[in-house]
Amino acid sequence: MTVGVWFRRDLRLAENPAWAAAAATGATVVACFVVDPHLWSSSGAHRRDQLVAHLQALDTELQEQGGRLRVVHGDPVRALPPVEVDAWYWNDDYSPYATRRDAAIEESLTTAVHRFDGCVVQPPGTVLTKAGTPPKVFTPYYRRWQQLPMPTVADTAPTSLSSERGEGVPDAQRPPLMDGGERAAQSRLTVFLERVDDYPETRDRPDLDETSRLSADLKFGTIAPWDVARRVGTETEGRAAFVRQLCWRDFYANIIADNPHTVTRALRPEYDRIEWIDDDEAFDAWRNGQTGYPIVDAGMRQLLGEGWMHNRVRMITASFLVKDLLIDWRRGERHFRDLLVDGDLAQNVGNWQWVAGTGADAAPYFRIFNPVSQGRKFDPAGDYVRRWVPELAGVDAAIIHAPWEAAPLDLAAGGVTLGVDYPDPIIDHGFARERTLAAYEAARSGG
């Protein structure tokens, strides 16, 4: 007997429900990955290279157990059925595309399919309101989420593994942002555990870069989210705050599973009436880090360079696009999703709608980040800006977040002439704030 495990967003052997269940059958296990051209082409180079690193690491682990990762290329609906197995095992994904794909594949297969939940702590549909409906507000979701037991997986090694490698793991274009595989993910978690107690004080400081860097591991499933939650625990304020972020991840997976239209439409439909400004020149300035607002430009340049951005800066840059430039959040969401090494549809859409005030939040439309005060508060010495906006490296910390407010001689002392070495601001924040509030109020009133 032969069974197949289709790896998708669960590129690990430990704490993997589908893998453990297949191994427990005692059958020969075929470990399979499908290079889906739809997903491959919609991923930016940073994410593709990181995926390749994770696949290579998974293949290496399988080789250590006497097998190989069998890689096939093509539409999974056509590529999976020719793999000869007596049953398929996989962990569910909850995006609209994955839901349609899996339904089509199940219909095309003549073998049994066994499906599990291996990508979130609590899968969609398990955290419900008292009325039995999925919550659309985070706080009550979090309260119920905390009360549910976390998954447990009895890890089992297969007695026999297939050594067929198929078409092999694709080549990377350049080194990945971080080392691939579950061992590297566990190492990153171990390092983070040494400083997690300081999480509330450091989480918003891009200049310190003290975040866990586990977001891409959670996206690709090189580590189980409940394993992270268990190892972190909730014994201190810092640990509880971090585990709460894992709940946000489940919450957004729940939202998109129950509301697949939110990929292209607001969760709160009144905000689909916002009259966005179609300004390609401003959008290009934003995505290229040339807005004249240093903290915004630093974040956007980090995104271009690394495929990653600190979470606080993600909020600042997203708010600037939507609420300073009044450009449709969907354009920013797609840009982020293309470039981010941890680009995850549910998380990206959920967070962009949160910033835009169109999604799951109580009354957020008037939340407009001031890029200057945000920079001064969370990058007080300007070190993050200097790292990514080298034109301003010589500028004093007192003026680095608002160089247009400084005297020309003070800027010249730092080697900067505005409009020559670094752009003037493309918009006045005060004006932009009032314009955005008016646009949102008009949408809310049906105007």
Side-chain angles (χ1 to χ4, degrees), residues 1-34 36 39 54-55 58 61-62 65 67 69-70 76-77 80-81 83 85-128 134 145 148-159 161-162 182 185 217-230 246-247 249-254 256-258 344-346:
M1 181 178 175
T2 302
V3 299
V5 176
W6 179 19
F7 287 90
R8 296 118 66 87
R9 293 188 49 188
D10 51 352
L11 304 181
R12 64 185 186 275
L13 301 182
E15 295 281 342
N16 186 324
W19 179 255
T25 65
T28 297
V29 178
V30 178
C32 187
F33 184 84
V34 181
D36 182 343
L39 297 177
H54 289 324
L55 292 175
L58 179 59
E61 288 195 55
L62 291 167
Q65 298 186 25
L69 179 64
R70 180 170 179 174
V77 177
L80 213 58
V83 180
V85 297
D86 298 298
W88 278 105
Y89 291 73
W90 69 65
N91 293 307
D92 277 340
D93 190 2
Y94 314 106
S95 72
Y97 172 75
T99 300
R100 295 191 303 269
R101 174 199 64 196
D102 291 356
I105 289 172
E106 278 204 89
E107 188 174 337
S108 70
L109 292 172
T110 58
T111 55
V113 172
H114 305 279
R115 298 169 62 169
F116 302 86
D117 292 293
C119 302
V120 292
V121 178
Q122 304 296 346
T126 57
V127 180
L128 302 172
W145 185 88
L148 295 176
M150 291 189 185
T152 56
V153 179
D155 287 332
T156 305
T159 55
L161 277 171
S162 168
E182 59 184 300
D217 291 307
L218 292 165
K219 186 281 186 293
F220 289 111
T222 50
I223 196 167
W226 58 84
D227 185 28
V228 177
R230 277 205 192 94
L246 295 173
C247 181
R249 186 173 175 272
D250 282 10
F251 178 63
Y252 283 143
N254 188 86
I256 206 165
D258 195 50
D344 173 286
L345 182 68

(message) Applying the ring pair (Phe, Tyr, Trp, His ring centres under 6.0 Å) criterion to F7, which one of W88, Y89, W19 satisfies it?
(response)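 For F7, the ring pair (Phe, Tyr, Trp, His ring centres under 6.0 Å) check succeeds only for W19.
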Quick one: side chains of residues 116-126, donor-acceptor pairs under 3.5 Å with protein atoms, not counting sequence neighbours, listed by atom name and distance.
from, atom 1, to, atom 2, distance (Å)
D117, OD1, Y94, OH, 2.5
Q122, NE2, P149, O, 2.9
T126, OG1, P123, O, 2.6

(request) Measure the shortest side-chain to side-chain distance between V30 and V83 over non-hydrogen atoms and say whether it is less than 4.5 angstrom. (result)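 Yes, their side chains come closer than 4.5 Å.
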(message) Do Y97 and D36 make a side-chain contact, defined as non-hydrogen atoms from C-beta onward lying under 4.5 Å apart?
(response)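 Yes, close enough: below the 4.5 Å cut-off.
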(request) Please identify each residue that fulfils salt bridge (Lys or Arg N to Asp or Glu O under 4.0 Å) with D227, with sequence neighbours left out. (result) none
Spacing of [atom1] belonging to [X] relative to [atom2] belonging to [Y], to within rounding of 0.5 Å:
| X | Y | atom1 | atom2 | answer |
| --- | --- | --- | --- | --- |
| R230 | M150 | CZ | CE | 6.5 Å |
| L55 | F33 | CG | CZ | 5.0 Å |
| L13 | D155 | CG | CG | 9.0 Å |

(request) Mind jotting down which residue pairs meet the salt bridge (charged side-chain N to carboxylate O under 4.0 Å, His left out) criterion with at least one end in residues 89-99? Sequence neighbours excluded, please. (result) R9-D93, D92-R115
Tell me the closest heavy-atom pair linking [X] and [Y], and the distance in Å.
| X | Y | answer |
| --- | --- | --- |
| L128 | P134 | CD2-N, 3.8 Å |
| R101 | W6 | NE-CH2, 3.7 Å |
| S162 | T28 | N-CG2, 4.0 Å |
| P76 | V34 | CG-CG1, 3.9 Å |
| L62 | A31 | CD1-CB, 3.7 Å |
| T111 | V85 | CG2-O, 3.1 Å |

(message) side-chain contact (heavy atoms from CB on, under 4.5 Å) for V228 and L246? Distances and angles first, verdict last.
(response) CA-CA 9 Å; V228 177; L246 295 173; 4.0 Å; yes
Acceptor/donor pairs from residues 217-226 side chains to any protein atom, 3.5 angstrom cut, sequence neighbours excluded:
from, atom 1, to, atom 2, distance (Å)
D217, OD1, R188, NH2, 2.9
D217, OD1, T222, OG1, 2.7
D217, OD2, R188, NE, 2.8
D217, OD2, R188, NH2, 3.3
K219, NZ, G343, O, 3.2
T222, OG1, D217, O, 3.4
W226, NE1, E15, OE1, 2.6

(request) Would you please name every residue forming a side-chain hydrogen bond (donor to acceptor under 3.5 Å, both in side chains) with N91, sequence neighbours left out? (result) D10, N16
(request) Using side chain to side chain contact (heavy atoms under 4.5 Å, CB included) as the criterion, list what pairs up with A346, not counting sequence neighbours. (result)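 I256, D344.
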